[in-house]
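This one's a predicted model, so the numbers in the text were calculated from it and none came from an experiment.
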Amino acid sequence: MIVPAVVVYGATPSGCAAAVAAARLGLLVTLIDPGIRVGGMTSGGLGHTDLGLEGRELGGITQEFYSRVSQHYMSGPASGPANASTQCFAVESHVAETVYVSMLTEANVDIHLGHTLESVHKVGSVLLDITVVSTAPRPDPAGSPLPPLVLAARVFIDASYEGDLMAMANVSFTVGREARVQFNETDAGRLEPNNVLSRYQFQQPIPHTDAAGDLLPLIYRGPVAAVGAADSKVTAYTYRPCMTKLAGGGGVPIQKPSTYDSNRWELFRRLLAANPQSQITDFLYLAGPLGNSTGDAAKFDVGTNGAISLDFIGGSWDYPTANRSARAAIVEAHVQHVVGFIHFLSTDPAVPEALRAETASYGWCADEFLHEGHFPRSALYVREARRMVGGAVFTEADHVSSVIKADTVGLGSYNMDCHMTERISVNKSWVLNEGWLTKDFAHAPFELPYSLMLPLETDASNLIVPVAVSATHVAFSGIRLEPTWSILGHAAGVAAALAANSTRHTPVQHINVSTLQAVLVSQGQLLTVSSIPAEAPHTFCG
């Protein structure tokens with residue numbers, strides 16, 4: 001049996017970049033993912049690319065991915081005049097998957113989809129091997145299950161959104177929000193109700209109790225932390241379905257979800273009654289058009305907008321540390337929420353007629369997610385789950401003031417951006433979506449240190465974690481963008497190669513950072529704020 005030098009768990013953009021980077025340096029690399037496609041959220045509905053500096057911050061393998069996306073649209077049958085952002089940063093899910101598959105295949109990465117982590121074999125601080133089991137349906141339901149895969153490696157990379165490998169390897173982690181005083185972060189802990197004018201907030205008092213005086217569904221009834229205090233709650237998850245006008249011929253009608261209950265949406269009925277002039281864009285963010293789609297055939301990455309929308313506020317709290325069956329139930333609850341919301345908006349008599357008709361004019365994109373009923377069920381948008389606690393913790397100050405790092409391996413550029421965490425009643429007079437954090441979209445570059453991805457050496461000496469990084473909740477909210485994670489993945493792949501190729505089994509915490517930086521620069525990665533070009537790089541966007 002050929003033993004890979006590097007095993008990457010999680011075929012997210014970060015995991016794909018890591019696998020390609022290590023493989024291009026001559027290593028045997030295996031990429032594992034529980035899902036059915038490579039590319040994570042980028043191939044799972046999130047076609048709209050969140051960038052702080054219009055792509056100026058991108059380099060290396062991450063820039064190459066978007067360049068290949070551009071080449072696809074410039075050379076395909078639907079090529080034609082389009083601006084750079086459409087050609088490069090508004091990508092259809094199936095195109096993203098195709099590009100990632102090409103890059104991985106060309107690098108000879110061994111890919112195993114539909115396999116989830118079962119156990120980790122570790123001696124001291126060294127991971128020796130992992131066992132993964134198939135999650136795919138058995139060819140013969142009555143037959144024996146597929147045998148598990150045992151994968152040994154010199155270095156492991158946990159690029160999963162959940163941080164499952166690091167957790168199973170007993171690496172220190174945390175879930176939820178730190179207190180404001182722990183790292184002296186202005187925006188840590190439970191937030192003050194000071195942003196009620198946000199488009200994600202209720203703009204006026206809405207009656208939100210039933211005849212018995214109980215809070216309506218969708219409002220949290222339990223205890224809340226004091227302002228600035230810590231809690232274990234995580235930001236809302238959602239889906240990013242791909243939708244298009246049915247009149248364009250490329251749409252599939254949206255069916256009523258299996259457990260739909262219109263009573264769930266009573267709070268939304270009351271919100272609509274208070275805002276009878278509402279339009280579809282008040283509640284759905286239509287990001288696009290994607291690719292070269294136009295007119296009635298235009299395709300959109302659909303996200304949350306408004307006080308009640310696709311974000312399932314409170315539905316994510318148990319997911320980070322839940323077992324497989326519990327996560328499956330949480331995933332199903334999110335499917336029912338997202339599809340149920342769209343069904344309500346397109347069918348319920350309480351919805352203004354024009355809004356109801358406009359929503360009903362959309363369907364799922366027929367050319368996306370063919371094996372999932374055209375809805376990306378397997379791509380739950382896990383914005384934040386576990387976060388590693390490494391030797392150094394990246395904080396709000398590292399994001400906004402102490403932005404220059406001696407061990408930089410890439411650049412971030414997005415403002416701190418956290419979606420809602422809980423929906424609560426303020427004295428039964430106002431409904432508050434608490435947890436929304438954005439610094440007025442004041443995007444500014446900051447350097448990403450290598451230490452961000454490193455466990456404590458005593459926890460794991462041959463594991464790198466480029467997604468569930470060692471950062472506070474506040475700081476993490478500015479890192480959790482797919483391009484930023486991809487940049488970190490590229491660095492993780494090169495670092496893993498350097499550690500795996502060393503003759504002394506060098507711990508990942510002790511590789512030569514100057515050598516790592518030199519290799520990354522030779523591969524086009526931008527490492528420093530001073531290296532950012534003054535203009536957006538249209539050269540790789542067609």
| note | Heavy-atom nearest pair, Thr235 first then Glu384, reads CG2-CB, 4.0 Å
| task | Would you tell me whether Asp417 and Ser477 have side-chain atoms, one donor and one acceptor, within less than 3.5 Å of each other? | result | no
| request: State whether a side-chain donor-acceptor pair under 3.5 Å links Ser93 with Glu97. | output: no
| task | Answer yes if the side chains of Glu372 and Ser378 hold a donor-acceptor pair under 3.5 Å, and no otherwise. | result | yes
| message | Once salt bridge (charged side-chain N to carboxylate O under 4.0 Å, His left out) is applied, what residue pairs with a partner in residues 110-133 remain, sequence neighbours excluded? | response | Glu118-Arg324
| Main-chain N/O of Tyr200 paired with Asn433 side-chain donor or acceptor, under 3.5 Å | yes
| Checking Thr116 side chain against Pro34 main chain: does a donor-acceptor pair fall under 3.5 Å? | no
| task | Answer yes or no: does atom CG of Asn323 have more than 12 heavy-atom neighbours from other residues, nucleotides or ligands under 6.0 Å? | result | yes
| Hey, are Ser160 and Asp158 close enough side-chain-wise for a donor-acceptor pair under 3.5 Å? | yes
Which atom pairs, donor and acceptor, lie under 3.5 Å between side-chain atoms of residues 43-51 and protein residues at least two apart or in another chain?
{"unit_1": "Ser43", "atom_1": "OG", "unit_2": "Val38", "atom_2": "O", "d": "2.6"}
{"unit_1": "Ser43", "atom_1": "OG", "unit_2": "Gly40", "atom_2": "O", "d": "3.4"}
{"unit_1": "Thr49", "atom_1": "OG1", "unit_2": "Phe89", "atom_2": "O", "d": "2.9"}

| query | Going by atom types alone, do Thr528 and Ser530 pair a side-chain donor with an acceptor below 3.5 Å? | reply | yes
| query | Any side-chain heavy atom of Glu447 sitting closer than 4.5 Å to one from Val403? | reply | no
| Is it the case that Tyr319 and Glu162 place a side-chain donor and acceptor less than 3.5 Å from each other? | yes
| said: Within 45 degrees of the ring normal and closer than 6.0 Å to the centroid, is that where the cationic atom of Arg383 sits relative to Tyr381? | reply: yes
| message | Under a plain distance cut-off of 3.5 Å, with no hydrogens placed, do Glu457 and His510 share a side-chain donor-acceptor pair? | response | yes
| field | Near-ring test Phe65/Tyr100, centroid separation under 6.0 angstrom | value | yes
| Side chain proximity check, Phe156 to Val6, heavy atoms < 4.5 angstrom | no
| Taking atom CG of Leu452 and atom OG of Ser470, what is their separation to the nearest 0.5 Å? | 7.0 Å
| query | Are Phe369 and Cys242 side-chain neighbours, meaning at least one heavy-atom pair lies under 4.5 Å? | reply | yes
| message | Quick test of your reading of the model: are Arg190 and Glu178 salt-bridged, counting only N-O distances below 4.0 Å? | response | no
| request: Answer with yes or no whether the side chains of His94 and Glu368 bring together a donor and an acceptor at under 3.5 Å. | output: yes
| What is the ring orientation for Trp317 with Tyr220, classed by angle as parallel under 30°, tilted 30 to 60°, or perpendicular over 60°? | perpendicular
| query | When rounded to the nearest 0.5 angstrom, what distance separates CG in Leu411 from CZ in Arg56? | reply | 11.0 Å
